[in-house]
Peer 1: 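Structure provided below as structure tokens; questions to follow.
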Amino acid sequence: MTAVDIDDVFADEEVATIDNTALQYVTGGRIDAGPQTVDPKVMQAFQQGSQAFQQGCQSFVQKKQQDDSQSMQMVQQMMGGGGKGGGGRGAQGQG
């Protein structure tokens, strides 16, 4: 393996400098000041995403409530307290 001289690697390329006005807010390698306003398209995208998320959560809650209600009805019917011809004998049928 041969050693590569760094000067040979960049010898044919010219290094571009950055204009000082582009660097006026840069400190420690980080941009110190960002845009003063948020792009309206970005805000609209956030709002649409938020609405979709909220609708998804509401659908999930409604479905869960329905499932829980159906499960409770099924348990009540199995225990004979449903009033719809539940198969359980209850306390009176034992003896």
Peer 1: Quick one: salt bridge (charged side-chain N to carboxylate O under 4.0 Å, His left out) partners of Asp39, sequence neighbours excluded?
Peer 2: none

Peer 1: First locate atom CE of Met79, then atom CD of Gln76, and finally report the distance between them rounded to the nearest 0.5 Å.
Peer 2: 9.0 Å

Peer 1: Identify every side-chain donor-acceptor pair in residues 41-60 under 3.5 Å, counting partners at least two apart or on other chains, and give the distances.
Peer 2:
residue	atom	partner	partner atom	Å
Ser59	OG	Gln55	O	3.2

Peer 1: Could I get the full list of side chain to side chain contact (heavy atoms under 4.5 Å, CB included) partners for Asp67, not counting sequence neighbours?
Peer 2: Lys63, Gln70

Peer 1: Among residues at least two apart in sequence or on other chains, which ones pass side chain to side chain donor-acceptor pair (under 3.5 Å) with Asp68?
Peer 2: Lys64

Peer 1: My understanding is that only residues two or more places apart in sequence, or in another chain, count here; which of them pass side chain to side chain donor-acceptor pair (under 3.5 Å) with Thr17?
Peer 2: none

